[in-house]
Amino acid sequence: MSNRIYKLKVSALCTARDYDDVYDEINIDEMYDDYEIARHEYESWKYDERVKDNHGHVSLVEMGADEETHKFMVTRELGDKQW
């Protein structure tokens, strides 16, 4: 079992341009065991036009396993961007 995982969260409510248009909600909550992949995904979402234009939120945290309980807890914040 890896002792570190990375959690990516992306959230944005994309509003419709016209009254009849349907809005789109971006709601991503993913885990990665590879830091480089997680960081790449974070950077990609951070500059996604839909997230930027709709004042979305993107965050990436590192989570480590507690040696006694083996539950993952946030150990450090690696990126947090609110547009």
With side chains defined as the heavy atoms from C-beta onward, is the minimum distance between [X] and [Y] less than 4.5 Å?
X	Y	answer
Tyr42	Val58	yes
Leu78	Arg39	yes
Val51	Ile26	yes
Arg4	Thr75	yes

Original post:
Got a salt bridge between Lys46 and Glu43, using NZ or NE/NH1/NH2 to carboxylate O under 4.0 Å?
Top reply: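 Salt bridge: yes.
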Original post:
With a 4.0 Å cut-off, would you call Lys7 and Glu30 a salt bridge?
Top reply: no
**OP:** Can you establish whether the number of heavy atoms outside Glu67 located under 6.0 Å from its atom CD is more than 12?
**Re:**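 For Glu67, atom CD is not crowded (no more than 12 foreign heavy atoms under 6.0 Å).
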**OP:** Nearest 0.5 Å please: distance from the OG atom of Ser59 over to the CG atom of Asp29.
**Re:** 8.5 Å
**OP:** Quick one: pull up CG in Leu13 and NE2 in His55 and give me the separation to the nearest 0.5 Å.
**Re:** 11.5 Å
**OP:** Identify the two heavy atoms, one from Gly56 and one from Ala12, that lie closest to each other, and give their separation to 0.1 Å.
**Re:**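 Residues Gly56 and Ala12, closest heavy atoms: CA-CB, 3.8 Å.
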**OP:** Just do the side-chain contact (heavy atoms from CB on, under 4.5 Å) check on Tyr32 and Ile5 with the steps written out, would you?
**Re:** CA-CA 6 Å; Tyr32 300 90; Ile5 59 173; over 6 Å; no
Subject >> Verify same cluster id: Met63, Met73 (apolar side-chain graph, 4.5 Å) >> reply: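 No, it is not one cluster - the side chains of Met63 and Met73 are not joined through contacts under 4.5 Å.
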Original post:
Given the rule in the side-chain contact (heavy atoms from CB on, under 4.5 Å) test, do Lys52 and Arg50 qualify, once you have shown the distances and angles that lead to the verdict?
Top reply: CA-CA 6 Å; Lys52 288 171 61 176; Arg50 296 169 297 168; over 6 Å; no
Original post:
Excluding sequence neighbours, so at least two apart, what forms side-chain hydrogen bond (donor to acceptor under 3.5 Å, both in side chains) with His57?
Top reply: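 By the side-chain hydrogen bond (donor to acceptor under 3.5 Å, both in side chains) rule, His57 matches Asp80.
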**OP:** Please check if the distance between the ring centroids of Tyr35 and Tyr6 is under 6.0 Å.
**Re:** yes
Original post:
Would you say the side-chain atoms of Asp34 pair up with the backbone N or O of Glu36, donor to acceptor, closer than 3.5 Å?
Top reply: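 Side chain of Asp34 to backbone of Glu36, a donor-acceptor pair under 3.5 Å: yes, one is there.
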